[in-house]
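Some notes on the structure that comes next.
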Amino acid sequence: MKYIEIKAPAKINIGLSVLSKRADGYHNLSTFFYPINDLFDLLTFEPADSFIFACDSSSIPKDENNLIVKAKNILETTSGKRIDVKITLKKVIPIQAGLGGGSSDAAATLISLNEMFQLGFQHSQLINLSLQLGSDVPFFIKSKPAIGTSRGEILEYIDLEIPEPILIINPGISISTKEAFNNYFPDKNKGDFRSLIKNSGLEYSAMRVSIKNDFEKYIFEKFPKIGRIKDLLYEYGALFSLMSGSGSTVYGIFPNTDAAESAMNKFPKDYFCYLSSHHC
Ligand code: C5P
């Protein structure tokens, strides 16, 4: 049985509209998921006599509340096969930050264990299993730019590569996604970002007017520090800036690396700052 090492990348949301509340308690949304492939957690899978999960971070649960453990359990239940494996996680992506780190780890676990234990799940079955783990997990089965609708599991893949550097700033605040979904404000002034992204490519001046994140109002009011990051990114020359997911990360797309590096150096040293130049 082989040893697998896999990178679980981060994502940002370029626009996030909450459309309606559903009977199952979730919300229908519309968003554009964009992978940040050079910012990733690292997972390794090796054969073992029992199940072992090891992680270098003290801030994440090691029991069945961890999405990696949940992913392993769901594969065992669905396949009827026992999965004895040692999984090691090197955590790099900030936690509860709107960057999808936990969801990406879960998807990487489904993909790797399916291969390692020859479970035979096809792509559509992996998507179904991943949705049981979380609304963002299906995107990470492929981690390719995609418009996500429904809970985020209906994915329309878009051939788009952003050439500019993306500066990612996280102030170390943890946000509950559930709380954000209970307090969103649908922005009535936004345009149709689906057509904006598909037809016009990334026209940043139009994006600044039309592309919104419906969680920003509530989150910026509750944590002014997060809204301030967006103001500063624009002040420092970003072409476009938005909060990712339900926060607390805010990103800025910059015209060139010099401008992005200069902006990065101005943020407090205790913030998580990452300059991405090889996104996808
Ligand atoms: O799916 P996930 O576990 O990431 O969602 C966390 C919480 O966010 C859910 O329990 C739900 O309250 C809320 N949510 C929602 N609609 C979505 C995604 C998440 O209401 N599309």
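In each ligand, atom 1 is the first atom listed, and ligand 1 is the first ligand listed.
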Is the distance from the ring center of Phe267 to that of Tyr236 below 6.0 Å?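 Yes - the distance between ring centres of Phe267 and Tyr236 falls below the 6.0 Å cut-off.
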
Phe181: partners by ring-ring contact (aromatic ring centres under 6.0 Å, His included), with sequence neighbours left out: His27, Phe215

Under 3.5 Å, which donor-acceptor pairs link side chains of residues 83-90 to any protein atom two or more places apart or in another chain?
| residue | atom | partner | partner atom | Å |
| --- | --- | --- | --- | --- |
| Asp84 | OD1 | Arg82 | NE | 3.3 |
| Asp84 | OD1 | Arg82 | NH2 | 3.4 |
| Asp84 | OD2 | Arg82 | NE | 3.0 |

Is it possible for you to check whether Lys142 lies under 6.0 Å from the centre of the six-membered ring of Tyr157, through NZ or CZ, and within 45° of that ring's axis?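 Yes; both conditions hold, so Lys142 lies above the ring face of Tyr157.
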
Would you check if Leu275 and Phe254 make a side-chain contact, meaning some heavy-atom pair closer than 4.5 Å? no

All N/O donor-acceptor pairs, side-chain side in residues 48-59, below 3.5 Å, sequence neighbours left out:
| residue | atom | partner | partner atom | Å |
| --- | --- | --- | --- | --- |
| Asp56 | OD1 | Lys91 | N | 3.0 |
| Ser57 | OG | Ser59 | N | 3.1 |

Taking a 3.5 Å cut-off between nitrogen or oxygen atoms, can you list every pair linking ligand 1 to the protein, with distances?
| residue | atom | partner | partner atom | Å |
| --- | --- | --- | --- | --- |
| ligand 1 | 1 (O) | Ser135 | N | 2.8 |
| ligand 1 | 1 (O) | Ser135 | OG | 2.6 |
| ligand 1 | 16 (N) | His27 | N | 2.8 |
| ligand 1 | 20 (O) | His27 | N | 3.4 |
| ligand 1 | 20 (O) | His27 | ND1 | 2.7 |
| ligand 1 | 21 (N) | His27 | O | 2.9 |

